[in-house]
2 protein chains.
Amino acid sequence: MSTRKFCLAVLFCHDATGYEIRRIAGEGRFAFITEAGYGSIYPCLSKLESEGLVTVSEEFAPSKPPKKIYSITNIGKEAFVNELMELPAHDTFRSPFLLVSLFAQYLDADFIARAIDAREAYLRDKLSELRAQATECCNPASQWTMEYGITTLTASLEYLQKHRSRLEEIAREASSQPQAAE
Amino acid sequence: MSTRKFCLAVLFCHDATGYEIRRIAGEGRFAFITEAGYGSIYPCLSKLESEGLVTVSEEFAPSKPPKKIYSITNIGKEAFVNELMELPAHDTFRSPFLLVSLFAQYLDADFIARAIDAREAYLRDKLSELRAQATECCNPASQWTMEYGITTLTASLEYLQKHRSRLEEIAREASSQPQAAE
DNA sequence: TTGACATATATCAAGTCGATACGTATATAC
DNA sequence: GTATATACGTATCGACTTGATATATGTCAA
């Protein structure tokens, strides 16, 4: 039901095509909500239409690919707000990187370094994107939400920068005196 | 493929039943790896067995429910380490709460307060569980990983405590002078 | 003019999620 | 004593998600 709320949330702000909704997922103030793909969004929009929560208008511009522009209805707005008014489920946070760090002693030191580099670069990118969007945004709830994201990403990046050498050390020591598993 | 790596990771450390693997998911040092349920774990174990990466021994103790105890094979250990040696995908972080905060101005101030309370309580619980496990753990890689989790959870909790009043204010102001959507 | 990239809709196989069914054992409450 | 709840344990099901791919058109640069 998360793709559902996400689609309604986007359409609550402005009309959009499925393609646009997809692009908004995981970006800006929606950075920490969902990363739904086409396979979730298109079926979801069809369902919302059949329930009368959104309407669709097809646009056949000459020399352009046809578009389906979705709009939220009043019933849709009401349903969205009602569905938000249930205590939200807790966050899901999954980190393949932390599985790597957990087994650092069995892995190659070079590999660990590369994995940390990639993660640092990713965190920095995400952070600068968020910071840029936060400054040019005037809605206070969006600001609050983005600053939350910035705060946790910053903490994550700082931990990584301060403590990466310790993890690299674990991998280096283990490879110099390899141990039996278990 | 994440349930797969998770199952191998657990079995890399010690033998376990499907039920035990399920309980370990989302707890302790595996807190940020996955939260796989039975519906993922049991099929995954069958598949791993058919690939020869794990073996199973059935235990029919008298007056006890039958158990299937899974063990990782040498091929399994090798496969696990090899599969870890690919650059890990980036984290997925999804927060239904942040969708609520994003639309705070359309929601009830009381509801916002309750949602924040629940989140604070959840973060505090998760943190104290992690801290307890981190102190009684001697593996340096596990320590590093759990401290990473503690750091980000702490940042999250602190932001919430410091800035919750601002979000509550947004909801309160909006309900006193309700505005049209859009 | 070929190739890369952006726009746009849509589907598919494989896997995941959350609930539920089924069954035994043990402890707690009435 | 006998319900009632909780823990252990295996397993499946429908609905949904994931990630890749198919299909088209348009644009821009080498």
Side-chain angles (χ1 to χ4, degrees), chain A residues 1-8 10 15-27 30 33-51 54 56-70 83 86-96, chain B residues 1-8 10 15-27 30 33-51 54 56-70 83 86-96:
Chain A
M1 284 295 149
S2 187
T3 302
R4 177 189 173 89
K5 282 181 191 163
F6 169 66
C7 288
L8 289 174
V10 173
D15 295 354
T17 65
Y19 182 76
E20 285 162 348
I21 293 174
R22 163 65 242 281
R23 271 205 331 181
I24 290 167
E27 286 190 350
F30 290 107
I33 312 299
T34 188
E35 282 174 53
Y38 300 126
S40 306
I41 288 170
Y42 283 117
C44 184
L45 288 171
S46 301
K47 205 186 163 206
L48 289 173
E49 200 204 341
S50 74
E51 291 178 42
V54 307
V56 62
S57 79
E58 301 199 40
E59 188 183 88
F60 300 97
S63 79
K64 286 249 171 159
K67 275 183 179 186
K68 287 185 175 181
I69 300 163
Y70 288 90
E83 285 176 32
E86 285 154 29
L87 272 195
H90 70 253
D91 299 357
T92 54
F93 180 26
R94 252 146 247 206
S95 181
Chain B
M1 284 296 148
S2 186
T3 301
R4 177 187 172 90
K5 282 181 191 163
F6 168 65
C7 288
L8 289 174
V10 172
D15 294 355
T17 64
Y19 181 77
E20 285 162 347
I21 293 175
R22 164 61 243 283
R23 270 205 332 182
I24 290 167
E27 284 189 353
F30 290 108
I33 311 300
T34 187
E35 283 173 54
Y38 300 126
S40 305
I41 288 170
Y42 284 117
C44 183
L45 288 171
S46 300
K47 204 185 164 209
L48 289 173
E49 200 205 340
S50 75
E51 289 178 43
V54 307
V56 62
S57 80
E58 301 198 40
E59 187 182 87
F60 301 97
S63 80
K64 285 249 170 159
K67 274 183 180 187
K68 286 185 175 180
I69 299 165
Y70 288 89
E83 286 176 29
E86 285 155 29
L87 273 195
H90 70 253
D91 299 356
T92 54
F93 179 27
R94 252 146 247 204
S95 180

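- Residues A/E35 and B/I69 both approach DNA chain D. Their nearest nucleotides, taken by heavy-atom distance, put B/I69 toward the 5′ side.
- In this structure, B/K47 reaches the C/dG15 phosphate: one of its side-chain N or O atoms is under 4.0 Å from OP1 or OP2.
- Distance A/R22 CZ to C/dA6 C1': 13 Å, rounded to the nearest Å.
- Along DNA chain D, the nucleotide closest to B/Y42 and the one closest to A/C44 are compared, and the more 5′ of them pairs with B/Y42.
- An OP1 or OP2 oxygen of C/dA8 is reached within less than 4.0 angstrom by a side-chain nitrogen or oxygen of A/K67.
- Ring-plane geometry between B/F6 and B/F30 is classed as perpendicular, the angle between the planes exceeding 60 degrees on a 0 to 90 degree scale with a lower cut at 30.
- A sub-4.0 Å separation between OP1 or OP2 of C/dT16 and a side-chain N or O of B/T3 is present.
- Of all nucleotides listed (C/dA6, D/dC8, D/dA11), D/dA11 comes nearest to the side chain of B/K68.
- For the pair A/Y38 OH and D/dT21 P, the interatomic distance rounds to 15 Å; values are reported in whole Å.
- Side-chain atoms of A/Y19 lie closest to C/dT9 of the nucleotides C/dT9, C/dT16, D/dT10.
- One atom, CD of A/E20, and another, P of C/dA10, lie 14 Å apart when rounded to the nearest Å.
- In this view, A/E86 satisfies the side chain to side chain donor-acceptor pair (under 3.5 Å) rule with no residue, not counting sequence neighbours.
- Counting to the nearest Å, the P atom of C/dA10 and the CD1 atom of A/I21 are 12 Å from each other.
- Here A/R23 lies in heavy-atom contact (under 4.0 Å) with sugar-phosphate atoms only.
- A salt bridge links A/E51 with A/R4: at least one charged nitrogen is closer than 4.0 Å to a carboxylate oxygen.
- Using a 4.0 Å heavy-atom cutoff across all strands shown, B/G39 reaches at least one base atom of the nucleic acid.
- At whole-Å resolution of the value, CD1 in A/I41 and C1' in D/dA15 are 17 Å apart.
- Between B/R94 and D/dT18 there is a side-chain N or O to OP1 or OP2 distance below 4.0 Å.
- Put simply, CG on A/L45 is 15 Å from C1' on D/dC16, counting in whole angstrom units.
- In summary, A/E49 and A/K68 do not engage in a salt bridge, as defined by a charged side-chain N under 4.0 Å from a carboxylate O.
- Within 4.0 Å of A/S40, counting heavy atoms only, lies at least one base atom of the nucleic acid.
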Just distance, no hydrogens or angles: give the donor-acceptor pairs under 3.5 Å from side chains in residues 88-95 of chain B, sequence neighbours left out.
from, atom 1, to, atom 2, distance (Å)
B/D91, OD1, A/S95, OG, 2.8
B/D91, OD1, A/R119, NH1, 3.0
B/D91, OD2, A/R119, NH1, 3.2
B/D91, OD2, A/R119, NH2, 2.9
B/S95, OG, A/D91, OD1, 2.8
B/S95, OG, B/L98, N, 3.2

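- Atom pair A/K5:NZ and D/dC16:C1' shows a separation of 15 Å (rounding to whole Å applied).
- At whole-Å resolution of the value, OH in B/Y70 and C1' in D/dT10 are 9 Å apart.
- Phosphate contact (OP1/OP2 of C/dT9, side-chain N/O of A/T17, threshold under 4.0 Å): present.
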